[in-house]
Amino acid sequence: MSKNSILIVLLILIIGGGTYYYLDKQKKDDVVKVGMITTLSGGGSGLGIDVRDGFLLAVKDYKNIQVVVKDDQRKPDIAVQLADKMIQSDKVDVLTGIIWSNLAMAVVPAAVNQDIVYLSPNAGPSALAGKGCHKNYFNVAWQNDNLHEAAGGYANSAGYKNTFILAPNYPAGKDALTGYKRFFKGNLAGELYTKLGQKDYAAEIAQIRASGADSIFFFLPGGMGIGFMKQYAQSGIDLPVVGPAFSFDQGILKAVGDAALGVKNTSQWSKDLDNEANKKFVSEFKSTYGRLPSLYASQGYDTGMLLLSALGNSSISDKDGFRNALKVADFSSTRGKFKFASNQHPIQDIYVREVIKEGDILTNKIVSIGLKDRSNAYVDACSLK
Amino acid sequence: MIKEEKLNLIILLVLFVIPFLAYLFNEPYLTTLTTKIVILSIAGIGLNFILGYGGLVSFGHAAFFGIGGYVTGILASHAQNSEQMFFFLQFDGSNQILFIWLISIIICSFIALLIGYFSLRTSGVYFIMITLAFAQMLYYFSISWPAYGGEDGLSIYVRNVFPFFNTMNPINFYFICFTWLLIFLTILKIILNSSFGLVLKACKENEERVKSIGINPFKIKLISFVFSGAITGLAGSLYTDLNRFVSPSVLSWQMSGEIMVLVILGGVARLYGPILGAVFYIILEQTLGGISENWQFWLGLIIILEVLYARAGIMSLFLKDSKS
Amino acid sequence: MTISLFIEQILNGLQFGVMLFLMSAGLTLVFGVMGLINLAHGSFYMIGAFAAALFAELTGSFMIAMIASFVAALFAGALTELIIIRKIYKRDHLDQVLATFALILLFSEGIRWIFGAYPLYLDIPNSLSSSFNLPFEIIYSKYRMMIILVGIIIAIILYFLISKTLIGIRIKAGQNDREMIGALGVDVTKLYTIVFSLGAALAGLAGALIGAIQSVEVGMGEPVLILAFVVIVIGGIGSIKGAFVGALLVGITDTMGRFLLPSFFSYFFDNASATSIGSSIASMSIYILMATVLIFKPSGLYGGKND
């Protein structure tokens, strides 16, 4: 290839990109623009893809909603820049989509202060629930501690007295163990923080074996949890395991395999929840995307449904009216009951699910309710009424 | 096909004009994006100084980028919350950007002195890896140190204050960064043409010969390393202000890799190479990202083609007298 | 802390170490013989794991899956060498860094394109899923024991391959003087392809062996790649013996650090901060080890020349 031809290719790329960029951002009038920043490439992209698919499924029949989806690569600085772009250049009215707490902490405070409404489909860091709550911030998933609190509550009712708990050494991990301990009344046989991203738990499992615990609670999202569950099953230790739904959700269960069978996990949603909205969601998701929906897909879908309900009852140009309509949460959620606490985080039932096999496919079924109408521990610290 | 000086001038001119065009077409985000390009260019120029001219391939420059970023974030967050920084010292941080720059440069220089002092005993691949090791230590420390948010990072919400300018205005902030770029380009040009620069280049070619004329190459390399760290650290400081946020990801080895890729992509040992590398990289990231979910695949393909066929970086594509 | 727990942790460190050795062996040879910095080595680890997961699902046999991982990575390695790598041997290290960095992007996104964004399933066979009862009440997983054995066997084979066979002598000659062996009529190009593919295949096997107890997902290779670089730098680049010693050192340091440091700090702090500080320092431990080694031995433990 000669230099000239490379130069020409480069120029075409640049000009083509520029044109694309320009056309991409043409805003049509009288439509509501939604910016979705989520993780679509690299590790953890399965979660972002599910949230996106769930959300798009909910809003697909509404022509006056225009959704701009961008990949944050799970990098906080990229997420911040995308938010800047969507606010400054695409002029979006609503932002949503972020999966990870650290990315949410980077984007949300600045965005809501610029009077952009943010609907969180997954992350619920405590900093945004308490003192840092904001009238423009709505969490449609859960406050981060919720599922862990329910696990602690379940451990009490199952009669566990001496639990070994572990989580990665980062803020969400510490929140998880705090959440568990808030409800768990027994003793701790051990408390371990592991390296973020660690996949081999031989050393930790050896400690569990030696600790004399009667049960285990762990929060290890993504690949970390897959590694832990498989190695735990191989270790021959036969103690009951409790965890939040993240390590036992639809997308990930196949990779964990039979090691997950029988494990109790806590979740605000399950595929087998018996309500009309959920049945419709599960069947439509299956027929549209050809796979079973995950927890994240349900959260994306609920976020879309909440947005639709608010747009139906108000106009986006009247921000106060729009916020009030959101706060009423007049939509039928896939999890059944759903309402907002005063800090605009959900009040909902958290279920205990068990991993079972339906034919050849691993999935979850609800066995009990872990916490009924659970709000969150930070309501009083929030100044919203 | 043109002379290098002319190309350099064009690059600066384009960078100068973009924010005005962005303003004209009401595209404020374009200014933000170009600011990012300028900041990454500064980081790349810092690395290129030792990598291109001194032959010292540092795979740990994220350490300086990140420390500069964290110094900025920590000082600013203390100032905003009026929290005392040290229990023995009555000092609440600062949101004065000039002061923050000064502190960032001092601290980054000091850290670079430490890292350089130990790392420069090795060379070649060992040097690549020992610099990586130091950066990784800082990375893991930043993740697990809870005081400033750990993995969640640290938000400062508003940019730090520059006298007479509102830094929250994208164009103002852009020209602050652009001025820094010009300053470093000028300083580096002077240094590279001075006797110090000549000795540094000589260290890359033949260290023994430098020794034989009575100069200690270790000292030369250490000074250059500190200088390089300070430049990259300042870029990190600007980056925190651009995003109003800092997190451990700026200390990760991927960040080191990204800065290095910009330098090599643009053309090693060319003063303006990192700028062109940054322009190219960001444009690809933005356009491919919009077209395909698998954009990183195409990015990889384009970079491979670039390595195989544009051997001395993108700069060389434009130049007549392509030195290899 | 009991003696049995301590020994179990040593075994865990050993197992982690031999796995790192499988990764590092190829990396150190490729660098020693061809002078190539290969950032894409972690991709072969990933390719091996994905191939194993695919064939385990198709055939249900763990043995076939392991062979598939080796063969798939061998082919991927050979193909990469033939199409791209051989064009950049003579280039600057920096060009190699850039090209192999781009290969990471290519392989990772390519695999995600084919297999999707969620992790795949790969589990160990039932016959190995139980544990041994060793003396002193030590209970240890059969599968991990097998990894240790496989790693040691491969280390011995490699050692003989390099010190006793013709190809090994050529490889060693190639490390010392590249032009010379070419002049002696050895087909250098072929030799390079063989060394590169073999290194890739070992990485692929490591990926499959480890993928079975951890997770098979895109991006699994890069953290291991960084560790493998740490290993070969500690051991001295180009030295198989160095890679072996370095791998065991890193494996044991990391495992024991994670195990001992939190309890060590609990003598000074309350439990929560002790575990937090202890695990922070534990995650830095191998980098501290590497920096210390390099400060005292700038070209690693067994590195001959300072290259």
Side-chain angles (χ1 to χ4, degrees), chain B residues 51-52 55 57 59 115 117-146 150 253-254 257-258 260-261 263-265 268-269 292-309 311-313 324, chain C residues 31 35 37 39 83-84 87-88 91-110 112-113 117 222-223 226 229-230 232-234 236-237 273 276-277 279-300 303 305-307:
Chain B
L51 185 149
V57 184
F59 199 2
I115 295 183
Y117 180 76
F118 290 114
S119 305
L120 287 167
R121 291 153 182 257
T122 65
S123 62
V125 183
Y126 295 98
F127 181 79
I128 300 182
M129 295 314 293
I130 197 171
T131 45
L132 171 74
F134 282 112
Q136 288 288 92
M137 286 180 213
L138 288 167
Y139 171 70
Y140 282 114
F141 180 73
S142 71
I143 280 193
S144 36
W145 193 32
W253 70 270
Q254 285 93 341
E258 206 172 303
M260 201 194 285
V261 166
V263 173
I264 310 173
L265 207 57
V268 173
S292 158
E293 202 172 274
N294 303 90
W295 62 276
Q296 291 185 342
F297 182 86
W298 303 110
L299 180 68
L301 203 64
I302 291 174
I303 294 180
I304 285 186
L305 290 177
E306 198 270 347
V307 178
L308 293 183
Y309 298 105
R311 301 184 54 153
S324 60
Chain C
F31 190 83
I37 298 186
L39 293 184
I83 298 174
I84 293 159
K87 296 199 170 101
I88 57 172
R91 296 288 193 82
D92 200 16
H93 281 337
L94 291 173
D95 278 354
Q96 299 171 350
V97 166
L98 191 57
T100 51
F101 168 80
L103 277 175
I104 295 182
L105 297 179
L106 219 61
F107 280 127
S108 296
E109 283 308 303
R112 197 174 73 108
W113 219 342
E222 280 64 54
I226 294 282
F229 266 113
V230 170
I232 68 169
V233 164
I234 289 179
I237 289 166
S273 26
S276 171
I277 297 171
S279 23
S280 315
I281 297 183
S283 47
M284 295 191 259
S285 60
I286 55 164
Y287 298 103
I288 298 174
L289 170 76
M290 168 166 139
T292 319
V293 167
L294 287 188
I295 286 167
F296 292 104
K297 296 207 95 181
S299 43
K305 50 189 179 184
N306 192 350
D307 187 276

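Residue numbers begin at 1 in each chain, while the letters A, B, ... track the order of the sequences.
- Proximity of a side-chain donor or acceptor of B/Tyr126 to a complementary backbone N or O of C/Ile237 within less than 3.5 Å is detected.
- When heavy atoms are compared at a cutoff of 4.5 Å, B/Val261 approaches chain C by way of both its backbone and its side chain.
- A heavy-atom distance below 4.5 Å is not found between the side chains of C/Leu294 and B/Arg121.
- For C/Leu103, the parts lying under 4.5 angstrom from a heavy atom of chain B are both the backbone and the side chain.
- With rounding to the nearest 0.5 Å, the separation of CG in B/Leu305 from CD1 in C/Ile84 is 8.5 Å.
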**OP:** Any chance you could lay out the side chain to side chain contact (heavy atoms under 4.5 Å, CB included) test for C/Asp92 and B/Ile264, step after step, and finish with the verdict?
**Re:** CA-CA 11 Å; C/Asp92 200 16; B/Ile264 310 173; over 6 Å; no
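- In this structure, OG1 in C/Thr292 is found 9.5 Å from CZ in B/Phe118, a value given to the nearest 0.5 Å.
- Per-residue heavy-atom pair counts under 4.5 Å with chain B were compared for C/Ile104, C/Ile226, C/Thr100, and the maximum is reached by C/Ile226.
- Contacts of B/Phe127 with chain C are absent, with no heavy-atom separation under 4.5 Å from either backbone or side chain.
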Subject >> Derivation and outcome, side chain to side chain contact (heavy atoms under 4.5 Å, CB included), residues C/Ile88 and B/Leu308 >> reply: CA-CA 8 Å; C/Ile88 57 172; B/Leu308 293 183; 4.0 Å; yes
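- Summarising the geometry of C/Ala102 relative to B/Gly300, their closest heavy-atom pair is CB-O, 3.3 Å, with the distance given to 0.1 Å.
- Contact of C/Leu98 with chain B is made through backbone and side chain together, with heavy-atom distances under 4.5 Å.
- Residues B/Leu51 and C/Leu94 form a side-chain contact, since some pair of their non-hydrogen atoms from C-beta on lies under 4.5 Å apart.
- If you take CD on C/Glu222 and CD on B/Gln254, they are separated by 8.0 Å, rounding to the nearest 0.5 Å.
- Put simply, of B/Ile130, B/Ile303, B/Ile128, the one with the most heavy-atom pairs under 4.5 Å next to chain C is B/Ile130.
- In this structure, OH in C/Tyr287 is found 12.5 Å from CG in B/Leu138, a value given to the nearest 0.5 Å.
- Rounding to the nearest 0.5 angstrom, the gap separating the CZ atom in C/Phe229 from the CH2 atom in B/Trp253 is 9.5 Å.
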**OP:** Show your working on side chain to side chain contact (heavy atoms under 4.5 Å, CB included) between C/Val97 and B/Val57 and close with a plain yes or no.
**Re:** CA-CA 11 Å; C/Val97 166; B/Val57 184; 5.9 Å; no
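- C/Ile286 does not touch chain B: none of its heavy atoms, backbone or side chain, sits under 4.5 Å away.
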**OP:** Give the C-alpha distance, both sets of side-chain angles, the deciding distance and a yes or no for side chain to side chain contact (heavy atoms under 4.5 Å, CB included) between C/Arg91 and B/Val307.
**Re:** CA-CA 10 Å; C/Arg91 296 288 193 82; B/Val307 178; 3.9 Å; yes
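- Using a 4.5 Å cut-off between heavy atoms, C/Val293 does not touch chain B at all.
- Distance NZ/C/Lys87 to CD1/B/Ile304: 10.5 Å, rounded to 0.5 Å.
- Contacts of C/Leu106 with chain B are made by both backbone and side-chain atoms, with heavy-atom separations under 4.5 Å.
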